[in-house]
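Structure first, commentary second.
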Amino acid sequence: MSPLIRGALIAGMPGLEVLCPACQTVGAVDLRRVDRHPEGAVAALVLGLTCARCGPAAPMPRLLGLHALPPSGRRPVSALDD
């Protein structure tokens, strides 16, 4: 079961690390900037994410984990509804 967005934010874990299976790029999503209901599951965000390098035809990204801060040196991941 996936944590809720609100739960991740309250726990101080706003950085979501994601992997594009096509190009193996690891990126980060700042959950504080995502325009989704806070009671939504973090895993549900995968449907609205796309790799900035591969574009909209990329396969569904893989969620790697939550972090206190987005990992430095990671590319931002584009959200379709941003």
For the CD1 atom of Ile5 and the CG atom of Leu66, what is their distance to the nearest 0.5 Å? 10.0 Å
How close do Pro61 and Val18 get, heavy atom to heavy atom, and via which atoms? CB-CG1, 3.8 Å
Taking every non-hydrogen atom, the tightest pair across Ala8 and Val42: CB-CG2, 4.4 Å
d(Met60 CE, Leu49 CG) to nearest 0.5 Å is 10.0 Å
Minimal non-hydrogen separation, Cys54 against Ala22, with atom names: SG-CB, 4.0 Å
For the atom pair CZ (Arg36) and CG (Leu4), what is the distance rounded to the nearest 0.5 Å? 14.0 Å
List the steps and the verdict of side chain to side chain contact (heavy atoms under 4.5 Å, CB included) for Val46 and Arg62. CA-CA 8 Å; Val46 76; Arg62 192 172 119 208; over 6 Å; no
Looking only at heavy atoms, the pair that brings Ala68 and Pro14 closest together is O-CD, 3.0 Å
Nearest heavy-atom neighbours spanning Met13 and Leu31: O-CD1, 4.0 Å
Val34 and Leu16: side chain to side chain contact (heavy atoms under 4.5 Å, CB included), yes or no, with the steps? CA-CA 11 Å; Val34 174; Leu16 174 62; over 6 Å; no
